[in-house]
Amino acid sequence: MKKKSIMHSIAAAPHIFWAALFIILPLIIVIFYAFTDAEGNFSFENILGLSEYGNIFLLSIELSVIATFICLLVGYPLAYIIAKADAKKQKFFIMLLMLPMWTNLLIRTYSIMAILDDGGFLNNLLNTELHIIGTKGAVIFGMVYDFLPYMVLPIYTCISKIPKNMWEAASDLGCSPIRVLTKVIFPLSMSGVISGVTMVFVPSISTFYISQKLGGGTFELIGDTIERQFVSSALNTGAAISFVMMILILISISVMNKFSDPDDGGIII
Amino acid sequence: MKTIVCKLLILTFVLALCFTLFSCGKDNDEEGDVSSKDKITLNVYNWGEYISDGSLGSYDTIAAFEEYCKNELNMNVEVNYSTYATNEDMYSKLSGGAGTYDIIIPSDYMIERMKNEGMLYSFDVTELENYKYISEEFRGMYYDPDECYSVPYTYGKVGIIYNSTMVDPVDVENKSWDIMWNEKYKGKILQFNNPRDGMASAMFLLGLDINSTNKSDWDKSLEKLVEQKPLVQAYVSDEIYNKMISNSASIAAYYAGDYLTMLDSNPDLAFYYPTEGTNVFVDAMCIPKNAKHPELAKEFINFMLSPEPATANALYIGYASPNSLVYENPSYIEEMGEDAMEVLYSEDESRYPFDPFYHSFSPELLAYTNGLWENLKTENSTELWVHITSVVIVGSLLGYAIYNICVKKKRSKDYRLRDKAKLLEKRNAEKSKASAQNK
């Protein structure tokens, strides 16, 4: 028994080292900068001065909530359809879903900009003058497009793990197909939904590239603000915003987990 | 399918491993070949796309320098070349001690800042053999008056790029910044996406000093930018290429050298320098204080000033060169063409009364201008539908969650009651059984 535990700690050592070096240490550095001023003295001023970024925080949260919800609306039926398809087709659909992810996110976002731009591909094709880039809608579209696979994959995994006899039992006992979905499958796939929502919401709220390119820079999300702080060497303010955002994300995830089914929810945290 | 993927992964891994082993082996061989001398690595840190790198048949500056070291200096030098996107990136990497470099190429205001912070190696620049070719105009600049830190590499000016098919010729006649505030071109104007350049465009128009330490000057500039915001299609950096080439936008302020690059892809573009004045920049080669091989770095700088590399780089980058060997070289002039030479090297005709170079800001002023820029970005930025939609979504989700919890509570209460009833029944049954036995 004792031997095994030594083996365990040896096996865990690289992971602990990794986590300490690349997760814990950076976190400590962020917190250190968030609570010190430019001279390195302890101060609350960075955190207290954040109220002026309130609007940016609100806008980021709102846009990512909308994007996450659209991802859920589109992603759930898609995951359901894929999970219901036969095995060969499933592999094919999943591959189609993953295919865009073989191209880097930045390149995809840049191409969306080129396609939807005022003189871009779409407007040339339709011979119209649609103004899409530079609106909130374009940013939401970018978030949905870039992060949709993160919503579909966990839900798909979850639905395909539900034993077939659950479906059969429910319909045997007189459930209509719609009631099977709403009363049996949806509650059972809740853990997939929760992790999907988390995996879309978190990158959406912290994105800066999508909002910069598709938003045309006419408004800022919190990721842009953080980036600009670091670029202009305002490390302390940047760290303070990052710190507050981490807290906000933690709160929203734990609230989400509270409201989900406690029996099978809580995949993350 | 799964097994194929597995096999593919393993194959890639093995190939990668082989490749690394192979290239390592090659390295060792090379070291064995050359005489006993140690290999010296010169770390060069430059802007992206800022050196002729041998691509598309151009002159390979790095290889040529290595060759030069081998033949002329009898040294085995390897250049380790890396790039950055902004002065600030480079500064934070150096000031954080994250890298030691032998050569960096910052812009004027950043040289001033790094010099003041003691981050630059000091040496007599005039002792470099080829320094004599640098035009008088670019010696002893404000950021380096004693010529002991930097050697100019390129320079340029900001101007207005416009699409001649989309802009009325009358509006460009007076060559002014005010075209960027012209209501006629609403939604077709591109503005810089950084506080310094963005605010400077308004300050030139207003005739204010771009290095003003007076906060009210900056407030005025912000006011002007807020006024401009409804007309602006986008605040851009490198996206400007795509947008100007594809005719998505018709007016933008950017650097002359980049205008020439865009002109290659879209011949409808035209350019002028605003008469109110415009920003001038110089990028210069410097040696950081913690450089490992400052002597070799000097050789590198000297090499970059010699005719062949200097001309090749000027052609490749497309910015103006302060090197007389370049701008007086007939073949360079011929290759650039008359129009491009006119754009790059035209005399300054503006009537700007202040210094057109950016100077380094105090941290306080930097924070202040950043704050103003933030105000510009948050200015009426949220439309009502965003609020409404997100409130509806959050509300309905919360409603659903609370409903679920209520249902579950009620259900578990029902279950508990039922369990209790069952337990009672069981006990009663046991009791009655026991009493029956007793009897």
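Here is how names work: the chains are called A, B, and so on, in the same order as the sequence lines, proteins then strands, and each is numbered from 1.
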**Study point:** Heavy-atom side-chain proximity of A:N55 to B:E374 below 4.5 angstrom
**Key:**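 A:N55 does not reach B:E374 side chain to side chain.
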
**Study point:** Check: A:T225 and B:K377 side chains under 4.5 Å, non-hydrogen atoms
**Key:**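 B:K377 vs A:T225: side chains apart.
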
For chain B, the option from [options] that forms the most heavy-atom pairs under 4.5 Å:
{"options": "A:A114, A:G216, A:G134", "value": "A:G216"}
{"options": "A:M113, A:E52, A:K88", "value": "A:M113"}
{"options": "A:N123, A:V65, A:I61", "value": "A:V65"}

Practice item. Specify which of B:S390, B:G187, B:S248 makes the most heavy-atom pairs with chain A at under 4.5 Å. Key: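 Sorted descending by pairs with chain A, the first entry is B:S248.
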
Point to revise | When B:L190, B:N247, B:N370, B:L366 are compared by non-hydrogen pairs under 4.5 Å with chain A, the top option | key: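 Option with the top pair count is B:N370.
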
Around atom [atom1] of [X], are there more than 12 heavy atoms from other residues, nucleotides or ligands closer than 6.0 Å?
{"X": "A:L125", "atom1": "CG", "result": "yes"}
{"X": "B:E49", "atom1": "CD", "result": "no"}
{"X": "B:K184", "atom1": "NZ", "result": "yes"}
{"X": "A:E45", "atom1": "CD", "result": "no"}
{"X": "B:F192", "atom1": "CZ", "result": "yes"}

Using heavy-atom distances under 4.5 Å, tell me whether [X] contacts chain B through its side chain, its backbone, both, or neither.
{"X": "A:L235", "value": "neither"}
{"X": "A:Y53", "value": "side chain"}
{"X": "A:I140", "value": "side chain"}

Check your understanding: Which atoms form the tightest heavy-atom contact between A:T218 and B:V232, and what is the distance?
Key ->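 Distance-wise, the nearest heavy atoms are CG2-O, 4.2 Å.
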
Exercise for review: Measure across B:E239 and A:Y110 and return the closest heavy-atom pair with its distance rounded to 0.1 Å.
Suggested key: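 That would be CA-OH, 3.5 Å.
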
Practice item. Could you check B:E88 against A:F230 for side chain to side chain contact (heavy atoms under 4.5 Å, CB included), going step by step and ending with a plain yes or no? Key: CA-CA 9 Å; B:E88 284 70 20; A:F230 283 104; over 6 Å; no

Practice item. Give the C-alpha distance, both sets of side-chain angles, the deciding distance and a yes or no for side chain to side chain contact (heavy atoms under 4.5 Å, CB included) between A:I133 and B:K243. Key: CA-CA 11 Å; A:I133 297 297; B:K243 285 181 185 282; 3.8 Å; yes

Review point. In chain order, what residues pass the salt bridge (Lys or Arg N to Asp or Glu O under 4.0 Å) check against B:D238, with sequence neighbours excluded?
Key: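 Salt bridge (Lys or Arg N to Asp or Glu O under 4.0 Å) list for B:D238, sorted by chain: A:K213.
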
Check whether [X] gets within reach of chain A through its side chain, its backbone, both or neither, counting any heavy atom under 4.5 Å.
{"X": "B:S92", "answer": "neither"}
{"X": "B:S95", "answer": "neither"}
{"X": "B:F361", "answer": "neither"}

Practice item. Starting at NZ of A:K136, measure out to CH2 of B:W385 and round the result to the nearest 0.5 Å. Key: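 The NZ atom of A:K136 sits 7.5 Å away from the CH2 atom of B:W385.
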
Check your understanding: Between atom CD1 of B:I393 and atom CD1 of A:I70, what is the distance when rounded to the nearest 0.5 Å?
Key ->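 With rounding to 0.5 Å, CD1 (B:I393) is 7.0 Å from CD1 (A:I70).
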
Practice item. Assess whether side chain to side chain contact (heavy atoms under 4.5 Å, CB included) is satisfied between B:T389 and A:F69, documenting all intermediate values. Key: CA-CA 10 Å; B:T389 325; A:F69 187 71; over 6 Å; no

**Study point:** Short side-chain donor-acceptor distance under 3.5 Å, A:Q212 and B:N193
**Key:**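 Side chains of B:N193 and A:Q212: no pair found under 3.5 Å.
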
Exercise for review: Would you check, one step at a time, whether the test side chain to side chain contact (heavy atoms under 4.5 Å, CB included) holds for A:D117 with B:N242?
Suggested key: CA-CA 9 Å; A:D117 218 336; B:N242 227 317; 5.6 Å; no

